[in-house]
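See below for the structure under consideration.
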Amino acid sequence: MEEAAQQGDGKTAERAFRQFALGLARHFTMEEEGFFPAFEKRTGMRQGPTMVMRMEHEQMRGLVQRMFQAVAAADWKELAKIGGTLLILMQQHNMKEEQMLYPMGDMQLAQEADAVVRTMQGL
């Protein structure tokens, strides 16, 4: 998307962005309605890592909204710029998930992992 946007290929950039936005929204839903509630119920932690992840999801949703606005305005340079910002935020977010939250989830939810995954897949 970013490469197409930087080259002014609006059609390709928009198509790639829309696919990405749908996938990202599904990922957030799977975590927020599947994994996070199971983790919070098991650990009793509602003000810890899942709260931080939700706040970061909201920040990313805000950037995605700005990207939709850039697409609507056919402002491909702005789309690429915001996309770069989103990428940095996602990299930082993913590092926290992969190094802290997911290992904690593996330990806490080992007994019910299959059920949690099925719930997430159903969302």
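Heads up: numbering here begins at 1 and tracks the sequence.
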[atom1]/[X] to [atom2]/[Y] distance, rounded to the nearest 0.5 angstrom?
X: Leu24; Y: Met67; atom1: CG; atom2: CE; result: 9.5 Å
X: His27; Y: Met120; atom1: NE2; atom2: CE; result: 7.5 Å
X: Gln69; Y: Leu79; atom1: CD; atom2: CG; result: 11.5 Å
X: Ile82; Y: Lys77; atom1: CD1; atom2: NZ; result: 14.5 Å
X: His93; Y: Ile88; atom1: NE2; atom2: CD1; result: 15.5 Å
X: Met30; Y: Phe36; atom1: CE; atom2: CZ; result: 11.5 Å

Cluster question for you: counting only ILVMFWY and a side-chain heavy-atom cut-off of under 4.5 Å, with indirect links fine, are [X] and [Y] together?
X: Leu109; Y: Met45; result: yes
X: Met100; Y: Met60; result: no
X: Phe68; Y: Leu87; result: no

In plain terms, say whether [X] and [Y] are close enough for a salt bridge, that is, a side-chain N and a carboxylate O under 4.0 Å apart.
X: Arg66; Y: Glu78; answer: yes
X: Arg61; Y: Glu32; answer: yes
X: Glu14; Y: Arg18; answer: yes

Distance-only donor-acceptor check, side chains Glu40 and Thr50, under 3.5 Å: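 Their side chains do contain a donor-acceptor pair, which is all the 3.5 Å distance test asks for.
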
Residues Glu31 and His57: side-chain donor-acceptor under 3.5 angstrom: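 Yes, a side-chain donor-acceptor pair sits under 3.5 Å.
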
Worked check of side-chain contact (heavy atoms from CB on, under 4.5 Å) between Gln19 and Met1: CA-CA 10 Å; Gln19 289 175 336; Met1 180 224 58; over 6 Å; no

Can you give me the closest heavy-atom contact between [X] and [Y], atom names plus distance?
X: Leu63; Y: Leu86; result: CD1-CA, 3.8 Å
X: Pro103; Y: Glu97; result: CD-O, 3.7 Å
X: Phe39; Y: Pro49; result: CE2-CG, 4.2 Å
X: Phe17; Y: Val64; result: CZ-O, 3.7 Å
X: Thr119; Y: Gly34; result: CG2-CA, 4.3 Å
X: Ala13; Y: Trp76; result: CB-CE3, 4.3 Å

Residues Leu89, Gln59; criterion side-chain contact (heavy atoms from CB on, under 4.5 Å); working and verdict: CA-CA 9 Å; Leu89 183 57; Gln59 290 174 323; 3.8 Å; yes

Pair Phe28-Arg54, side-chain contact (heavy atoms from CB on, under 4.5 Å): steps then yes or no: CA-CA 9 Å; Phe28 290 165; Arg54 283 186 178 98; over 6 Å; no

Glu3 CD: over 12 foreign heavy atoms closer than 6.0 Å: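 Check fails, neighbour count at 12 or below.
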
Neighbour count >12 (heavy atoms, 6.0 Å) for atom CD, Glu58: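 Yes - once you tally the heavy atoms of other residues, nucleotides and ligands closer than 6.0 Å, there are more than 12.
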
Step-by-step side-chain contact (heavy atoms from CB on, under 4.5 Å) determination, Met53 to Glu56: CA-CA 5 Å; Met53 295 296 108; Glu56 291 180 2; 3.9 Å; yes

